[in-house]
Structures are given as C-alpha cells and as structure tokens.
Student: 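Have a look at the structure that comes next, please.
Order of the sequence lines fixes the chain letters, A, B, ..., with proteins taken first and strands second; residue numbering starts at 1 for each chain.
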Amino acid sequence: MTHEICDWNETKNESSKITIKFFSKINNAENIFSLVKKGEIEKCFINPETIISEEHLLMATIRARRNQKNNSMKTRTIESEILWCLSPYKGVGMAFKHFGLQENFTEAIVLSFEEQPDFSVIQGEELAFNDSILQKHSNVDKIKDIYQISEDEIQLTSLKESVIMKMSVNNLRL
Amino acid sequence: MELISQGAEAKIYRTTFLGKPVIVKQRFKKKYRHPQLDSRLITRRLVQEARSLVKARKFSVLTPILYQVDVFNHSLIMEDLGKSTVTLKHYLNNNQQGQATPLLKEFGELISKMHNSDLIHGDLTTSNVMVKKMILKKKKENEKEIEKEIEIEKEKEQEIEIEEIEKEKLVMIDFGLSFSSTNPEEKSVDLYVLERAFLSTHPNSKQLFDIVLKSYFENSNNKKKIMTRLEKVRRRGRKRSMVG
C-alpha cells in the first residue's frame with residue numbers, strides 16, 4: 001500500500017511517498033540478509049511480530065523522516081532510523097535486534113521511500129498491509145515486554161494507544 | 001490548520017496529521033528572555049510535559065494521546081479531544097452543582113492518583129482538566145467492571161456481556177510545569193494552587209473545592225502529612241501575617 005505522508009506543518013506538496021508491503025512465507029531469507037548487510041537494498045525490513053498497527057509504523061516513519069530533514073538522525077540511513085524510532089531503547093543495536101530482521105525470518109514488513117520500488121528480490125507471498133493482518137501476525141506478549149507496558153495502562157485505553165505513547169517519548173534528546 | 005488559542009507559553013493549533021484530527025501545542029520563544037536560557041527552558045518544559053502525559057497513564061489518569069514530539073519545532077502533537085469537550089471550568093459555570101458533583105469527586109481521585117505516585121501536576125486549575133463525553137463499553141471481567149472507550153477485544157470467542165453507556169470522563173492536560181516529588185509540601189502546594197484557582201473563577205467555590213478535597217483525601221496514601229502541610233501553606237500566601 002502507498003501512503004503520502006507529510007508533517008503537521010507541511011503542505012501536501014511537501015509530502016513523501018512511501019510504499020509498505022507485508023510478505024509472508026519468505027524462502028530466501030539468507031539472500032535478503034546478505035543484500036541488506038551489503039547495503040544493496042534501499043528498503044526498511046521490519047519484524048512483523050513487533051508491529052501492532054499501521055499507525056504504529058507510520059508514526060515511527062514520520063519521525064524518522066523529520067529527523068532526516070533536520071539532519072539529526074541517530075543512524076546512518078532513514079531505513080535504519082525507522083527501526084530506531086520504533087525502539088524504546090537508546091541503543092541502535094537493540095533497535096535492530098528487536099525490530100529488524102530476525103535470524104531465519106519467514107515474514108517481513110517492507111517499507112520503501114523510492115518512487116518506483118522493486119520488491120521482486122523478496123520471494124514470498126504478499127499479504128495486505130492493514131490492521132487486521134498486523135494483529136494476526138504480531139506477538140502481543142513480546143510487544144508488551146519490549147515497550148514495558150503494564151496491564152493497568154492497557155486497561156485504561158488499549159495496547160495500540162499505549163505503544164504509540166511510549167514511542168513518542170522514547171529517546172527524547174534534550 | 002487553525003489557530004484555536006494562544007496562551008502565555010504556547011500556541012494551540014487544530015489540524016490533521018496522518019489523516020487524523022489533532023491538536024498541536026507549539027511553544028514559542030520569548031524575546032525578552034536570554035536566548036540560551038529561553039531555548040533550554042522551552043525544551044525542558046516540552047520534554048517534561050511529554051513525559052508526564054505518558055507517565056500519568058501509568059497511574060490510570062487519562063491524558064490526551066501523545067502522537068509525536070516535534071523537538072525541532074518545540075511542539076506536541078496530541079489527540080483532538082473533540083469540539084464537544086470542554087474544560088471543567090466551563091462545565092462548572094454551565095451546570096448545576098449537583099450534576100458536577102461526581103466529576104468533582106473524580107477530580108479529587110485523579111489528583112490523589114498522581115500524588116500517590118509522586119507526580120506533581122504543577123498547574124492545577126479547572127482550565128487544565130477537560131470533560132469528555134465518552135461512549136463506554138462496559139464489561140464484567142472477574143467481577144470487575146471495565147469501562148473503555150474503544151472496542152473491547154473479544155477474548156478467545158468468549159461470550160462477554162458488553163453494555164454501552166454514555167459517561168463524562170475527565171482528561172488531564174497541560175503538564176508543562178509538572179515534576180516528580182515525594183515531598184508532601186509540593187503536593188499541598190499543588191492543592192493550594194487549585195484552591196486559589198477555584199476561588200478566583202467560581203462562585204460558591206468553597207463547596208466545590210471541598211468535594212474535590214474530600215475525595216482526594218479519601219484516596220490519598222499520605223493523608224495526615226499532606227493535610228497538615230496544606231494548613232500551613234494556607235496560612236502563608238498574600239496579605240497573611242507570618243507572625244505566629
């Protein structure tokens with residue numbers, strides 16, 4: 001699915017186009033891994049276990065984009081910055097560990113800022129990228145653990161909201 | 001994008017963000033301040049407010065959802081609570097005391113929840129509490145009644161009895177001056193600020209504040225100390241003699 005995202009103080013002309021796809025039953029994980037390590041794929045690969053909703057990923061994406069626009073990224077590329085923005089930890093390593101590609105992964109959410117993104121390198125089944133698919137493939141216990149969300153917080157509103165709020169104040173650099 | 005109000009420190013805009021209606025609170029520079037000091041102050045207030053908005057929820061205090069913190073523009077992007085949501089101040093001026101009583105009790109409860117977890121709001125006034133009409137879905141789980149605004153997830157195809165009720169709930173805002181403290185002095189000052197706010201904005205304020213205070217002490221973990229402190233703080237203040 002494609003999105004035109006722009007920040008609160010930008011006009012529609014300044015928006016960026018992003019394409020997000022959900023792949024399941026991936027059988028060439030090793031190949032993708034090596035390409036990503038070599039830096040030959042300009043896409044962000046995200047562990048679907050850790051994403052609870054579209055909004056969740058979009059919030060991190062727009063923050064990463066804002067950091068890039070202000071020359072204030074903690075990581076080297078916008079793709080890795082998205083992973084860092086998803087993460088509640090200061091360290092980049094932890095962000096990659098939890099939210100990035102896992103060993104022998106079979107599922108991945110792939111995000112691209114390219115005008116004409118080519119996803120052919122990924123050999124797998126494409127599913128729709130929407131909230132219901134995300135809920136089915138996410139690991140709620142893992143998310144609660146990574147973001148350290150207590151049952152009380154979830155009772156107040158919902159897990160979706162708690163995750164967004166935790167993310168918004170993470171790694172706030174004064 | 002619409003500018004809906006301007007306070008002493010920030011401008012409030014209403015706009016859309018990622019397709020949702022949001023409120024943006026943007027702190028602006030004060031030209032009369034030393035630039036370096038000013039920059040540090042607004043960043044600190046921004047970060048404190050952001051952190052407290054999230055922290056308060058841990059203590060079961062409703063706050064608007066914080067979507068983003070735009071540090072580059074000193075702005076907070078938050079949930080738009082809706083045009084029908086009003087401040088408690090407005091509510092009290094437009095409703096009978098009888099109708100407002102449950103909300104005032106809830107207010108006392110909310111402040112005690114924050115203070116019990118050592119979160120000092122710093123700017124307690126009736127303009128910093130919003131009254132939002134919510135349609136809550138009520139379900140009974142292990143004999144506990146849970147009321148939530150959103151869809152209650154059906155746990156593993158269980159037949160849960162869900163009842164829909166319309167209720168007014170309080171949402172705390174404006175945590176710019178908030179901080180953490182275990183000190184009963186800070187907590188009593190927090191309450192005193194509210195007492196003065198009530199006095200200056202509402203008629204029959206003593207009755208209203210008493211309801212809040214009673215509810216506060218009913219839920220407080222440190223009733224005795226804070227009560228005595230509050231008495232001491234009351235004896236200070238303007239035009240009061242400190243002579244024993």
Student: Pick whichever of A:M167, A:E4, A:H3, A:E55 has the most heavy-atom pairs under 4.5 Å with chain B.
Tutor: A:E55

Student: Picking from B:V61, B:T16, B:L62, B:T15, which has the most non-hydrogen pairs under 4.5 angstrom with chain A?
Tutor: B:L62

Student: At a 4.5 Å cut-off on heavy atoms, which part of B:V24 comes close to chain A: side chain, backbone, both, or neither?
Tutor: side chain

Student: Could you look at B:V22 and say if it's the side chain, the backbone, both or neither that has a heavy atom under 4.5 Å from chain A?
Tutor: neither

Student: Using a heavy-atom cutoff of under 4.5 Å, enumerate the residues of residues 8-28 of chain A that contact chain B, numbered in order, or state 'none'.
Tutor: A:W8, A:N9

Student: Would you name the heavy atoms of A:L172 and B:A50 that are closest together and state the gap between them?
Tutor: CD1-CB, 4.1 Å

Student: Counting only non-hydrogen atoms closer than 4.5 Å, can you tell me which residues of residues 93-112 of chain A sit against chain B?
Tutor: none

Student: Check whether B:D70 gets within reach of chain A through its side chain, its backbone, both or neither, counting any heavy atom under 4.5 Å.
Tutor: both

Student: Could you measure the distance from the CE atom of A:M59 to the CG atom of B:L66? Nearest 0.5 Å is fine.
Tutor: 9.5 Å

Student: With a 6.0 Å cut-off (strictly less than), is the heavy-atom count around NZ of B:K89, excluding the residue itself, greater than 12?
Tutor: no

Student: Heavy-atom distance under 4.5 Å to chain A: side chain of B:I65, backbone, both or neither?
Tutor: both

Student: With rounding to the nearest 0.5 Å, note down the distance linking CG in B:L18 to CG in A:D7.
Tutor: 8.5 Å

Student: What's the spacing between A:D152 CG and B:F59 CZ if we round to 0.5 Å?
Tutor: 10.5 Å

Student: Please flag which part of B:F72 lies under 4.5 Å from any non-hydrogen atom of chain A: side chain, backbone, both or neither.
Tutor: side chain

Student: Quick check on the interface: out of A:E153, A:M165, A:K160, who has the most heavy-atom pairs with chain B under 4.5 Å?
Tutor: A:M165

Student: Can you tell me if CZ on B:R40 sees more than 12 non-hydrogen neighbours from other groups inside 6.0 Å?
Tutor: no

Student: With rounding to the nearest 0.5 angstrom, report the OG to CZ distance, A:S150 to B:R57.
Tutor: 12.0 Å

Student: Could you give the distance from OG1 (A:T157) to CD (B:E79), rounded to the nearest 0.5 Å?
Tutor: 9.0 Å

Student: Distance from A:R66 atom CZ to B:Q68 atom CD, nearest 0.5 Å?
Tutor: 4.5 Å

